[in-house]
Amino acid sequence: MRLSQLLLPTEREPPADAEALSHKLMVRAGLIRQMGAGLWSWLPAGWRTHERIVAIVRAEMERVGAQEVLMPVLQPADPWRRTGRYDSVGAELFRLSDRRQADLVLAMTHEEAMTFHVAQVVRSYRELPFVLYQFQTKERDEPRPRAGVLRTREFVMKDAYSFDRDREGLERSYAAQRDAYDAIFDRCGLRWYRVESDVGMMGGFGAHEYMAPCPAGEDEVALAPGYAANVEVASAQPRPVDLPGPLPDGPALVDTPGHTTVEEVSRALGVPPGGLIKAYPVVTEGRGLVMVCLRGDHRVNDVKLTHALGETFRPAHEHEIADRLGPPGFIGPAGANVPVLLDEAVGDGGYVCGANQPDRHLRGVEPGRDFPFSRGDLRRVDAGDTVDGHPITIEPCIEVGQIFKLGTRYSDPLGATYLDEAGREQAIWMGSYGIGPARIAAAAVEQHADEQGIAWPRAIAPYDVEVIGLGRPGSREREAAERLYHQVRAAGLTALLDDRDAGPGEKFADAELLGCPLRLTVGKRSLEAGAAEAQARRGLADLEPVPLEGAEEAVRARWDALP
RNA sequence: CGGGGCGUAGCGCAGCCUGGUAGCGCGUCUGCUUUGGGAGCAGAAGGUCGUCGGUUCGAAUCCGGCCGCCCCGACCA
């Protein structure tokens, strides 16, 4: 492609409202443009990157035998009603009606559509297993789109669905997809982690997320050697805390006038925050008021607490606390007439907790002796906690893919069944597997950029090589660059020729912004040496020059040696 | 949903407080010069000041409604 012909609107300055690096650079480099909140258009160079990612994903799907299909985004509401998601998903699902007032939805994912068809088509165990996949637009009315294409209301997703006769089959399909996903993210040149994750609204009984670490990430991942988990579900050994023993004669009242926070009580009594038990009263539909208790230096993890309770919860209102327990700020488990759910990190010893009376706490409180409780893993892990003796770190990450073991969550309500050898009707076991190519592109930019611009991984750059001809149009340098451009393509690489009538500074700056992995420059200097200068975009490292005679082999060699 | 901010030329911004000819830089167009790090000179085009209403002799500027966009949090397959 000739740059003079390419619609590549580069900008010297980032959009005023851009915050994330990938947002700034992808707009500046002319890859994407915004049309509305969370609504983005891909311009030619950006779309090339998107489609290169798609090609990698497609190749790995085909390799594991998945079959490509395409299903509508606009769908009847009925299957969504049957799975219960029409009501459970909430405002994130776009709902609309047609001219006959029939209810429709814009699909945010395609479990309903895929299962609907499989339920109609599959009759026998002989037809199983198989995997279907598509690249299709998803529509989600996100409460807060942000950061360019990192979180949008409309985006293309590769979504795959496996259909097996039983749990063992699902495990095999899941493992195959997991291996394919590992290969995809490696091939795309990302740094990534596969982490344990929550199943969220998808239902099912097991899931992993693929996380690409970068500063603009919205998720947090807890990492230790051999361990990686979304902070939502991560568990680790807490940092130990020095505790006095429990008081032998039972808890003792201490005055703590006006001290309602962990920090104030800790300072006033000379006890480390971890020596306190902090109470977090919540209300659930099933069991009413529950007092959730953690070590004073720990925080509640809402996802883990929801799992421990087995139902959703809300924080108790102040008046509920005052009516049932005591003055907010001074409540505690000892003597409280509500069930106590105690975090596992609260070990043996004598703790300080609220006394359920104004301006008083209790010292020397021992769980079990001084209050009954049930246990749960409720806390959010902190950096410095340990897994197998290794301290964890917490890194922000972009979620670039997620795989779920769905089981029969969708096949049951939609009637996706088969007849087994004995003629018995059985539910099909499903898995679902999603990847966002746009997020892969944004994550790659986040991970591989510098002051100058983007430094694409080799596999997903808009073009492999950018050829720059210096000098005036019609000069010998330009003619040599033109010949080199053809040789690069003859070498099997994609190439962009900067044939614009522009100064060298502008050409170099734009090349560095766009970030093609290899740059070849023909100027007066290099022409005299019969060669083109070669530079790797990563680190702007100078490489062996490429001789203009028989350039193909040398270009290929430089390319293969790139990181 | 709570909090904060912003809408003036393609991009980045000033002007608003204190009402009176709509500006700057970059970019764009034409011509000449220049061609190894975002060039120089000369000329030119380009704006319903988000929108609707109010106040006023007069509104980008003051007041009100609405719309849009961004950030933080909540939320989120």
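A, B, ... follow the sequence lines: proteins, then strands. Residue 1 opens every chain.
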Open item on the list: Students often get this wrong, so: under 4.0 angstrom with heavy atoms, is A:Pro15 touching a base, only sugar-phosphate, or nothing?
Closed with: sugar-phosphate
Task: Salt bridge present between A:Glu171 and A:Arg178 (N-O < 4.0 angstrom) - done: no
Task: Whole-Å P distance, B:rG7 and B:rC75 - done: 31 Å
- [ ] Give a yes or no on whether a salt bridge exists between A:Glu111 and A:Arg85, defined as a side-chain N under 4.0 angstrom from a carboxylate O.
- [x] yes
- [ ] Go ahead and name the base partner of B:rG27; Watson-Crick or wobble counts if both distances stay under 3.5 Å, otherwise write none.
- [x] none
- [ ] Nearest whole angstrom, please: distance from the C1' of B:rG10 to the CD of A:Glu13.
- [x] 13 Å
For residues 5-21 of chain A, tabulate all N or O donor-acceptor pairs below 3.5 Å that involve a side-chain atom, not counting sequence neighbours.
from, atom 1, to, atom 2, distance (Å)
A:Thr10, OG1, A:Asp510, OD1, 3.3
A:Glu11, OE2, A:Arg33, NH2, 3.2

Open item on the list: For the CG atom of A:Leu497 and the CD atom of A:Glu466, what is their distance to the nearest 0.5 Å?
Closed with: 8.5 Å
- [ ] Could I get the full list of ring-ring contact (aromatic ring centres under 6.0 Å, His included) partners for A:Tyr210, not counting sequence neighbours?
- [x] A:Tyr181, A:Phe185, A:Trp192
Open item on the list: Could you identify the nucleotide paired to B:rA39, looking across every strand shown and requiring Watson-Crick or G-U wobble geometry with both distances under 3.5 Å?
Closed with: B:rU33
Task: Nearest-Å distance once atom C1' is located in both B:rC1 and B:rA45 - done: 47 Å
TODO: To the nearest Å, give me how far apart CD (A:Glu220) and C1' (B:rG73) are.
DONE: 14 Å
Open item on the list: Using whole Å, what does the distance between atom P of nucleotide B:rG73 and atom CD of A:Glu19 come to?
Closed with: 11 Å
Open item on the list: A:Glu544: which residues meet the side chain to side chain contact (heavy atoms under 4.5 Å, CB included) condition with it, sequence neighbours left out?
Closed with: A:Arg558
- [ ] Please name all residues satisfying side chain to side chain contact (heavy atoms under 4.5 Å, CB included) with A:Arg191, sequence neighbours left out, ordered by chain then number.
- [x] A:Tyr193, A:Pro213, A:Glu395, A:Gln447
Open item on the list: Within residues 31-50 of chain A, which residues have any heavy atom lying less than 4.0 Å from an atom of RNA chain B?
Closed with: A:Gln34, A:Gly36, A:Ala37
TODO: Would you mind building the protein contact string for nucleotides 32-38 of chain B? One character per nucleotide, 5' to 3', B for base within reach (heavy atoms under 4.0 Å), S for sugar-phosphate only, - for untouched.
DONE: --SBBBB
Task: Sidechain N-carboxylate O distance under 4.0 Å for A:Arg519, A:Glu512 - done: yes
Task: side chain to side chain contact (heavy atoms under 4.5 Å, CB included) involving A:Val64 - partner list, sequence neighbours excluded - done: A:Gln177, A:Ala180
Under 3.5 Å, which protein N or O atoms sit close to an N or O of nucleotides 47-50 of chain B? Give each pair with its distance.
none

Task: Inter-nucleotide C1' distance (B:rC26, B:rC67), Å rounded - done: 30 Å
TODO: Any strand is fair game: report the nucleotide pairing with B:rC66 by Watson-Crick or G-U wobble, both distances under 3.5 Å, or none.
DONE: B:rG50
Task: Distance between C1' atoms of B:rG46 and B:rU8 (Å, rounded) - done: 14 Å
Open item on the list: When the P atoms of B:rG31 and B:rC13 are compared, how many Å lie between them, rounded to an integer?
Closed with: 33 Å
- [ ] Salt-bridge test for A:Arg299 and A:Asp343: reply yes if a basic N is under 4.0 Å from a carboxylate O, no otherwise.
- [x] no
Open item on the list: Could you identify the nucleotide paired to B:rA60, looking across every strand shown and requiring Watson-Crick or G-U wobble geometry with both distances under 3.5 Å?
Closed with: none
- [ ] Taking atom CZ of A:Arg95 as the centre, report whether more than 12 heavy atoms of other residues, nucleotides or ligands fall under 6.0 Å from it.
- [x] yes
- [ ] Would you please name every residue forming a ring-ring contact (aromatic ring centres under 6.0 Å, His included) with A:His110, sequence neighbours left out?
- [x] none
TODO: Could you let me know what B:rU21 is paired to, Watson-Crick or G-U wobble, both distances under 3.5 Å, or none if it's on its own?
DONE: none
Task: Partner nucleotide, any strand, of B:rA74 [Watson-Crick/G-U, under 3.5 Å] - done: none
Open item on the list: I'd like the P distance from B:rG47 over to B:rG2, given in whole Å.
Closed with: 39 Å
Task: G-U wobble or Watson-Crick pairing nucleotide for B:rC16 (cut-off 3.5 Å, both distances) - done: none
- [ ] Sequence neighbours left out, what passes ring-ring contact (aromatic ring centres under 6.0 Å, His included) with A:His50? Give chain and number order.
- [x] A:Trp42, A:Trp47
- [ ] Please state the P separation for the pair B:rG64 and B:rG25 - nearest whole angstrom.
- [x] 35 Å
Open item on the list: Which residues pass the side chain to side chain contact (heavy atoms under 4.5 Å, CB included) test with A:Phe94, not counting sequence neighbours?
Closed with: A:Leu106, A:Glu139, A:Asp141
Open item on the list: Both A:Asp302 and A:Ala20 contact RNA chain B. Taking the nearest nucleotide for each, which residue is further toward the 5' end?
Closed with: A:Ala20
Task: Spatial distance of atom CZ (A:Phe163) from atom CG (A:Leu406) [nearest 0.5 Å] - done: 9.0 Å
What nitrogen or oxygen pairs link the protein and nucleotides 2-6 of chain B at under 3.5 Å?
none

Task: Spacing of A:Glu549 atom CD and A:Gln487 atom CD [to the nearest 0.5 Å] - done: 7.5 Å
Open item on the list: Taking the P atom in each of B:rG43 and B:rC24, what is the distance between them to the nearest angstrom?
Closed with: 14 Å
TODO: Give A:Ala107 one of three labels, base, sugar-phosphate or nothing, depending on what nucleic acid heavy atoms sit under 4.0 Å from its own.
DONE: nothing
Open item on the list: Just the rounded figure in Å: distance from P of B:rC11 to CG of A:Leu8.
Closed with: 17 Å
- [ ] In whole angstrom, give the distance that lies between atom CG of A:Asp219 and atom P of B:rA74.
- [x] 12 Å
